[in-house]
Amino acid sequence: MSKINPTATLRQPVDLVAHGLAPASDLAVLEKVAACYAVAVTPDMAALIDPDDPNDPIARQFIPSVEELVRQPGENPDPIGDQAHSPVAGIVHRYPDRVLFKLVHVCAVYCRFCFRREMVGPGKATALSHGAYDNALAYIGAHSEIWEVILTGGDPLMLSPRRLAEIMADIAAIDHVRIIRIHTRVPVADPARVSREMIAALKVGGATTWVALHANHVRELTDGARAACAGIIDAGIPMVSQSVLLRGVNDNAEALEALMRAFVECRIKPYYLHHGDLAPGTSHLRTTLKHGQELMRALRGRVSGLCQPDYVLDIPGGHGKAPVGPNYLSQANSFSRESEQFEETRYRVVDYCGDVHLYPPKP
Ligand code: SF4
């Protein structure tokens with residue numbers, strides 16, 4: 001494998017071509033894609049790409065492709081309905097006890113499948129204005145049912161440690177907020193950003209911090225990424241994972257197994273495996289729900305419960321997440337025991353090999 005070693009984040013198609021990450025013949029069309037959706041490939045991610053492999057799972061996540069110009073019916077710039085649940089700028093309030101707080105619209109890398117791809121990147125709104133930030137805090141303060149604040153974006157770890165510490169303190173000062181969860185791709189995309197100061201900024205009195213790491217392929221968990229996560233966890237901050245099921249990246253049992261095992265080895269509990277959202281120009285990266293269920297069934301047979309994420313679908317329109325299986329239980333029949341007055345239900349339950357059993361078993 002030849003090595004790509006840029007010293008700075010690659011942000012233009014011409015830079016991708018110069019570093020051998022895209023063919024020169026694609027330049028014009030990639031410029032078209034980049035005019036719609038932001039491009040950024042950090043040196044850490046570029047170094048993981050094998051330019052000789054046309055199916056490289058890291059390249060597939062970050063190198064733009066002509067297929068992004070294809071729109072499928074049902075794709076939507078706001079695929080999970082953030083806007084319908086945004087009472088004030090920066091806040092999405094979908095479930096009673098928690099809100100999303102979208103602080104910034106920039107990321108270390110821009111993922112080609114991003115469900116907020118119409119909202120993130122240079123040229124989109126950057127950070128919340130002072131006034132909007134104050135309004136968002138006031139909203140959280142006025143809603144005593146909000147137990148958890150989820151910082152997302154963009155990537156909150158693109159803020160400076162000083163600013164992040166101020167924000168953490170502002171949120172933790174609200175009595176009813178007990179949990180601050182931070183969703184980030186920075187520990188894999190740019191592990192050097194996870195400095196001692198950044199880790200200190202994540203800790204705050206008055207609330208418990210959780211960090212959710214977004215990674216989709218085991219190769220993203222480099223030594224640097226593992227060290228960054230260890231620094232966070234050693235500071236007493238628990239971590240969970242979130243991944244997106246992506247065609248050509250992790251849509252086979254071996255890739256998912258390796259990823260989930262690596263998370264657990266890093267002390268990161270697998271949390272969500274997202275079915276791909278209906279974001280514009282992402283159909284080439286989506287799988288079917290049926291295939292996702294088959295993979296989850298395979299995973300159940302290959303790795304322990306510790307390594308199992310929930311396979312979830314964000315229902316378009318802002319109706320929240322639903323676990324989407326597979327289902328291991330179906331009703332077989334009803335029966336009565338001789339000595340009992342009431343009816344019981346007998347179920348068919350499927351084991352990890354796919355064999356079906358009755359529960360309770362027939363006498
Ligand atoms: S890091 Fe997250 S918000 Fe940023 S482009 Fe990737 S998926 Fe989207």
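This one's a predicted model, so the numbers in the text were calculated from it and none came from an experiment.
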- prompt: Do NZ/NE/NH1/NH2 and the carboxylate oxygens of E220 and R185 come within less than 4.0 Å?
  reply: yes
- prompt: Got a sec: does the CG of D175 have more than 12 other heavy atoms crowding it under 6.0 Å?
  reply: no
task: Find out whether the Lys NZ or Arg CZ of R163 is both under 6.0 angstrom from the six-membered ring centre of Y133 and within 45° of the ring's axis.
output: yes
message: Apply side-chain contact (heavy atoms from CB on, under 4.5 Å) to residues I268 and I233 and explain how you reach the verdict.
response: CA-CA 9 Å; I268 300 169; I233 296 165; 4.1 Å; yes
field: Stepwise side-chain contact (heavy atoms from CB on, under 4.5 Å) test for V66 and D26
entry: CA-CA 8 Å; V66 62; D26 283 1; over 6 Å; no
task: Might you point out which heavy atoms bring R300 and Q308 nearest each other, and give the distance in Å?
output: CA-NE2, 3.3 Å
- prompt: Just wondering, more than 12 heavy atoms not from D223 lying within 6.0 Å of its CG?
  reply: no
- request: Answer yes when R219 and D56 have at least one side-chain N-carboxylate O distance shorter than 4.0 Å, and no when they do not.
  value: yes
field: Carboxylate-amine/guanidinium proximity below 4.0 Å for E254 and R302
entry: yes
Carboxylate-amine/guanidinium contact K102 D82, below 4.0 Å: yes
message: For the OH atom on Y328, are there more than 12 heavy atoms of other groups (residues, nucleotides or ligands in this structure) within a distance under 6.0 Å?
response: yes
Hydrophobic cluster identity match, L213 and L103, side-chain contacts under 4.5 Å: yes
field: H130 atom NE2, neighbour heavy-atom count above 12 within 6.0 Å
entry: no
- request: Answer whether the closest heavy-atom distance between the side chains of P270 and V264 falls below 4.5 Å.
  value: yes
- prompt: For the residue pair V39 and P64, what are the closest heavy atoms and their distance?
  reply: CG2-CG, 3.8 Å
query: Would one find more than 12 heavy atoms of other residues, nucleotides or ligands at under 6.0 Å from atom OH of Y95?
result: yes
message: Let's go through V324 and M296 carefully: what are the C-alpha distance in whole Å and the side-chain angles of both, what is the deciding distance for side-chain contact (heavy atoms from CB on, under 4.5 Å) to 0.1 Å, and is it a yes or a no?
response: CA-CA 10 Å; V324 284; M296 286 301 293; over 6 Å; no
message: Run E294 and R297 through salt bridge (charged side-chain N to carboxylate O under 4.0 Å, His left out) and show every step you take.
response: CA-CA 5 Å; E294 286 163 3; R297 203 182 284 281; over 6 Å; no
task: Quick one: closest heavy-atom pair of A47 and N5, and the distance?
output: CB-OD1, 4.2 Å
- prompt: In this structure, which one of L246, V312, L313 forms a side chain to side chain contact (heavy atoms under 4.5 Å, CB included) with H274?
  reply: V312
- prompt: Ion pair present between R261 and E257, side-chain N to carboxylate O less than 4.0 angstrom?
  reply: yes
message: Pair H284, E68 - check side-chain contact (heavy atoms from CB on, under 4.5 Å), show working.
response: CA-CA 8 Å; H284 59 295; E68 292 174 55; 3.8 Å; yes
message: Is it true that, when you exclude Q72 itself, more than 12 heavy atoms of the residues, nucleotides or ligands shown sit nearer than 6.0 Å to its CD?
response: yes
statement: Correct closest heavy-atom pair for G305 and K269 would be O-NZ, 3.9 Å
- request: State yes or no: do Y272 and V244 share one hydrophobic cluster built from I, L, V, M, F, W and Y residues joined by side-chain heavy-atom distances below 4.5 Å, directly or via other members?
  value: no
- prompt: So does R117 pair up with D277, basic N to acidic O under 4.0 Å?
  reply: no
query: With distance as the sole criterion, is a donor-acceptor pair present between the side chains of Q242 and H183 under 3.5 Å?
result: yes
message: With side chain to side chain contact (heavy atoms under 4.5 Å, CB included) as the test, pick out the partner of L151 among T184, V104, T209, I171.
response: I171
